[in-house]
Every structure is written in structure tokens, then in C-alpha cells.
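Reading through the C-alpha cells given below for one structure.
Quick caveat: nothing in here was measured; it's all calculated off a predicted structure. Note on naming: letters A, B, ... go to the chains in the order of the sequence lines (proteins, then strands), and numbering restarts at 1 for each one.
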Protein chains: 2
Amino acid sequence: MKCNCELKGYLSYLVLWIISKKNMTGAEISKELEKRRGTKPSPGTIYPVLKELKDKGLITCDGNKAYSLTYKGKTELKQSCSFFCKMFYDIKDMFDCCK
Amino acid sequence: MKCNCELKGYLSYLVLWIISKKNMTGAEISKELEKRRGTKPSPGTIYPVLKELKDKGLITCDGNKAYSLTYKGKTELKQSCSFFCKMFYDIKDMFDCCK
DNA sequence: ATAGTTATATTGGATAACCAATATAAAAAT
DNA sequence: ATTTTTATATTGGTTATCCAATATAACTAT
């Protein structure tokens, strides 16, 4: 446990979430992550994640390299959201906490 | 990346958050985590986390083994909350997603 | 077409996160 | 007091997560 802020492990979940809102290329996803995290993920971070999600059949990639969720990916994301929201059911208080 | 649902990395953050609401013993913290995650963390998970947080000066332990945040811990938690909330600024949509 | 730039992808490795197994200590019950 | 149960703690090791470095491919501009 190096730094709580890093929240290791959220990344692939977040990538699914980001793609669910809009089909995006790797570069676009990286930019979106930069907005959220403050730092852009290294290519060695983002592309292996995309590859794994693809290998697991959760996302597909069209001719323009834009990634989108498969049906399986949508299902998986719903489950993850469900888990996430249960885990952080009191996140509203967290928003208040840092104000 | 085994399973997004595991959200590896959230644990120490969550422990800080839980303690911030109420001073608790290791056993109580475990129960609270079980409520959120579905499974109780193994002793080999929770106690090393508590030890590390203690070693980092973020929590202290009173005579009854109840853990509480130090000033440093409160500061750290605020930062983590801030980061977390920026990362998941659109978490409201996630709540909708799994309904 | 060629050079320069940007995007995509792979590899290898470091380390953080976690758990199972075990040990010890404390509390409760008989 | 002794047994049983529960809580706390440690150790050792596995795996996931992530990044730096590098390579390749695909655009853009001249």
C-alpha cells in the first residue's frame, strides 16, 4: 500500500465506464483518464488494459480504433457498478468531506 | 486484472473512511467491510493494513484496541476523498446504471 | 515520396495488494 | 482453573496492476 490516492485496481473498471458513455480510441480514453486522475496513463498501462478487456470479450474495436462495449461488457459493467455503489454507498458524505 | 469488482486498492482508503466515522476495533472494521463488499477480509488482510496505517501515523490504537484517525490521518483522508471524488465525479450515473 | 509526428501496441519487470495458514493473546463459559 | 471461543497479529507467498522502455503502425505536412 503505497498511496491511497492511487486507488490501484479501479482502472479497468473506469475504462469500461468511460467507454460506456461514448465510443473512444485509446488516445481519447487516455485524455479522459488524465482529466480524472490528473496524470495520463502510460501507453504501457492503457493498451494492455484495452487488450485484456478485448480478450475477455468485454469490448470490441472498430476500423477506426474506437472501442465500444459488447453485450457482455455492458453486463459486466452493470455488475461492477452495482458492486461499486454498494461499496461506496455513502459516497455523498465523501464529497462533503473534501469540501 | 482478474475482476473489476474486486477493485483492488480501495481497501486502505476505505478503512480510513470507516474509522473516520466511528472508532472501531479490527473485528468491527472487518464486519463493516463485509457489509460493503459481501465478504469479510481475512485477518491476513485487515491487520497488515491496520499496521501499515499505524506505521504511517495515520491511525492510533487505544487500550481497547479501537482505532481512530490521527490528525495526519484526517488530512490524508481528505486528500483521498478529494481525489476519489474527482475520479468518480459522475458516480451518480453509476448508481443509475445498476438500477 | 519522405520526414516528422502522433497513435497504437508489446515486453519485461517492479511493487502493491491481498490472502491462507499459522501463531499468539485475550475474553467467555463451564 | 481449564477449555472454548473470539480477536489480534505475523509470515510467506501469489497475483494483479501498473509503468518505463521500446517497437511498430498510421497519419500529416512539406
The criterion is side chain to side chain contact (heavy atoms under 4.5 Å, CB included); which residues satisfy it with [X], sequence neighbours excluded?
X       : answer
B/Asn64 : B/Asp62
B/Ser42 : B/Thr45
B/Lys40 : B/Ser30, B/Lys31, B/Glu34

Item to check | Among C/dC18, D/dC18, C/dT11, the nucleotide that comes nearest once only the side chain of A/Tyr10 is considered | outcome: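 Selected nucleotide (nearest to the side chain): D/dC18.
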
Item to check | Contact residues, residues 59-67 of chain A to DNA chain C [heavy atom, < 4.0 Å] | outcome: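 Within residues 59-67 of chain A, the residues near DNA chain C are A/Lys65, A/Tyr67.
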
Checklist entry - Heavy atom of residues 26-47 of chain A under 4.0 Å from DNA chain D: which residues? => result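 Heavy-atom cutoff 4.0 Å gives A/Arg37, A/Ser42, A/Gly44, A/Thr45.
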
Nearest-angstrom distance from the residue atom [atom1] of [X] to [atom2] of [N]:
X       : N      : atom1 : atom2 : value
B/Glu52 : C/dC18 : CD    : C1'   : 12 Å
A/Leu53 : C/dA9  : CG    : C1'   : 15 Å
B/Leu11 : D/dA16 : CG    : C1'   : 15 Å
A/Met24 : C/dA7  : CE    : P     : 15 Å

Next on the checklist: So, using salt bridge (Lys or Arg N to Asp or Glu O under 4.0 Å) as the criterion, who are the partners of A/Asp55 when residues are at least two apart?
Outcome noted: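 Expected list: A/Lys51.
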
Item to check | Short N-O contact, A/Glu52 and A/Lys56, less than 4.0 angstrom | outcome: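 Salt bridge: no.
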
Item to check | Phosphate contact (C/dA7 OP1 or OP2) by A/Thr25 side-chain N/O below 4.0 Å | outcome: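 It does not, given that no N or O in the side chain of A/Thr25 lies less than 4.0 Å from OP1 or OP2 of C/dA7.
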
Item to check | N/O donor-acceptor pair under 3.5 Å between B/Thr70 side chain and B/Leu58 backbone | outcome: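 Answer holds: yes.
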
Next on the checklist: With a sphere of 6.0 Å drawn around NZ of B/Lys21, does it hold more than 12 non-hydrogen atoms of other residues, nucleotides or ligands?
Outcome noted: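 Count over threshold, so yes.
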
Checklist entry - Are the aromatic rings of B/Phe84 and A/Phe88 close, with centres under 6.0 Å apart? => result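 Yes, they do, as the ring centres are separated by less than 6.0 Å.
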
